[in-house]
Amino acid sequence: MTNEQPSKSALASLGGPLAVADAAARERRSREILPQLRQLVRGIPARRQRKMWQRRAVVAGGVIASCALAASVWLMRVRDTDPFEVEQGPAAQSDERHGYATAADASAILRTLRGAQVAVSPSTRLSAISSDPHHELLQLAAGSVRVRVPKLGTGATFAVQTPDAIVTVHGTVFSVTVVGAGAISQTCVAVSEGLVSVERAGKRALVGAGEQLNCQAKVVSAPAATPALPPAVAPTPSVSATPLPRDHRPASGQRPPSASAARATDASLAAQNRLLAAALQAERVGQFYDARSQLLELLGRYPDSPLRTEAERSLARVSRKLP
Amino acid sequence: MAAPAQTLPATATNAVVSSSLDDAAIVQGLGAGQEWAADALYERVHDVVEQTLRRVLGPGDQELTDLVQEVFERLIVTLSEERLDHATKLRGWAAAVATHVGVDVLRARVRRRRLFSSHDGWAENLSVAGGSLENRLEARAEVERVRRVLARMPADQVETLILHDVLGHSLEEVAKLARATHAAVQSRLTRGRQELDRRLNLERSARGRS
């Protein structure tokens with residue numbers, strides 16, 4: 001290969017003067033081309049208009065996409081918001097996302113996004129499963145909480161889920177305690193104001209003001225360690241209901257009594273429940289005479305009791321166990 | 001600048017229209033869809049377009065009319081969609097578009113192995129070739145070699161070489177027409193010349209061996 005630079009002469013050969021073009025051919029060419037160019041030019045305004053609309057559509061699409069993106073980011077942030085605000089007590093001590101835990105010597109008062117106040121007892125593990133504005137669901141893995149829920153709007157729910165039950169608020173101050181752990185845990189629900197429903201093993205029971213569910217001697221004392229909630233505007237209690245002892249709750253879907261009717265029979269039903277619960281408790285601990293006495297009292301005082309069938313069955317069973 | 005688009009008679013001759021308007025007015029008329037603007041554009045730049053295509057492809061190219069039309073269509077579409085600052089010098093802009101079209105055709109023909117026809121009259125139309133048959137044949141063979149080599153080089157380098165070294169545009173003009181920086185055009189020019197040298201030397205060596 002040589003080191004010459006032939007490009008200069010080569011390009012010069014391309015750039016040399018050209019022979020004059022044939023005038024007739026040029027004229028013929030212009031006659032062929034010009035009509036088509038004129039037609040092309042006539043279409044330019046329409047084409048520009050189309051382009052403009054296309055550009056506008058692209059811009060509009062971009063704006064919409066940006067808004068959607070911004071909304072998604074906002075939603076993600078909202079969903080990622082800490083569901084609890086610590087009003088009193090130590091900061092969250094749980095490794096769990098959206099969780100809160102207290103040490104053996106600590107308690108706290110939290111406020112949820114919706115404004116429910118949650119008094120957390122020592123040695124309690126709590127987390128938020130859902131912080132949806134209309135459906136707040138807390139999970140109580142261990143320990144005890146006392147909750148004051150503001151008046152719920154239409155369709156709104158507030159619930160506390162334990163390993164063995166779901167306590168749904170119908171308004172307003174209640175405590176939930178988990179005793180034991182895992183499969184052997186038991187949930188005690190005590191209601192101070194209003195009404196809550198307790199769902200367990202597919203069955204649902206309503207627990208009204210001043211009533212407790214599954215709170216045995218040891219369990220009942222648990223909420224005592226829960227810090228007292230500050231006074232709040234008096235919540236509107238919902239319908240009162242009769243708590244049923246474990247294994248004797250009405251089937252799911254059973255309608256609760258209306259407010260007026262329930263109020264009229266509230267004391268009676270509560271008393272019947274207490275008698276049946278006391279009888280069953282006495283049977284469990286082997287005090288069969290006491291159990292039979294309670295059952296007889298129930299059947300004697302309340303011959304039309306809805307618990308009659310169960311009471312009679314229990315009486316037969318207890319009688320067989322008598323020495 | 002006046003906007004004569006609405007006042008010109010439809011029957012104005014191309015020459016009158018073209019000579020009475022500046023480039024910007026023609027572009028404005030194109031944007032407004034005025035037919036006289038097509039005539040004015042044609043009259044303003046058709047000689048540049050034809051000469052550029054003839055230099056790149058050969059003056060006797062049988063597709064010249066089609067290619068001239070293609071160049072004008074590209075010019076009109078581009079000028080109607082873009083701002084004026086790219087086209088304030090219509091003749092330069094037309095030369096760039098014609099070069100682009102010509103180089104595209106050149107490369108396509110090489111790809112199709114339809115190398116330059118010996119009947120395109122290219123060498124015969126070169127007035128520099130002198131009178132002797134031997135000179136004219138040698139000139140024709142040289143030009144064919146150059147075009148064959150250019151057709152295999154990167155298109156941006158070839159276009160820069162033609163605009164600068166063949167058509168005589170300045171680096172600034174080429175940069176503006178190619179919408180590239182001065183440095184980029186300078187680089188293309190240098191590399192293009194080196195590549196052309198290398199390829200022509202290779203070809204000469206091959207011819208010498210044979």
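Chain letters run A, B, ... following the sequence lines, proteins first and then strands; every chain starts at 1.
Using a 4.5 Å cut-off on side-chain heavy atoms (C-beta onward), A:L40 and B:E73 make contact.
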Query - Residues A:R111, A:E85; criterion salt bridge (Lys or Arg N to Asp or Glu O under 4.0 Å); working and verdict - result: CA-CA 5 Å; A:R111 185 179 287 274; A:E85 179 190 333; 5.5 Å; no
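Contact annotation for B:L75: neither backbone nor side-chain heavy atoms come within less than 4.5 Å of a heavy atom of chain A. Using a 4.5 Å cut-off between heavy atoms, A:R28 does not touch chain B at all. Contacts of B:E195 with chain A are absent, with no heavy-atom separation under 4.5 Å from either backbone or side chain. For chain A, the nearby part of B:V146 is the side chain; its heavy atoms alone come within less than 4.5 Å.
Taking A:A165 as the reference, A:T162, A:T187, A:V198, A:R200 meet the side-chain contact (heavy atoms from CB on, under 4.5 Å) condition, with sequence neighbours excluded. With sequence neighbours excluded, the residues forming a ring pair (Phe, Tyr, Trp, His ring centres under 6.0 Å) with B:H46 are B:Y42, listed by chain and number.
Between chain A and the options B:Q194, B:Q51, B:E35, the largest number of non-hydrogen pairs under 4.5 Å is found for B:E35.
The side-chain contact (heavy atoms from CB on, under 4.5 Å) test with A:V118 is passed by exactly one of A:L126, A:V149, A:T124: A:L126.
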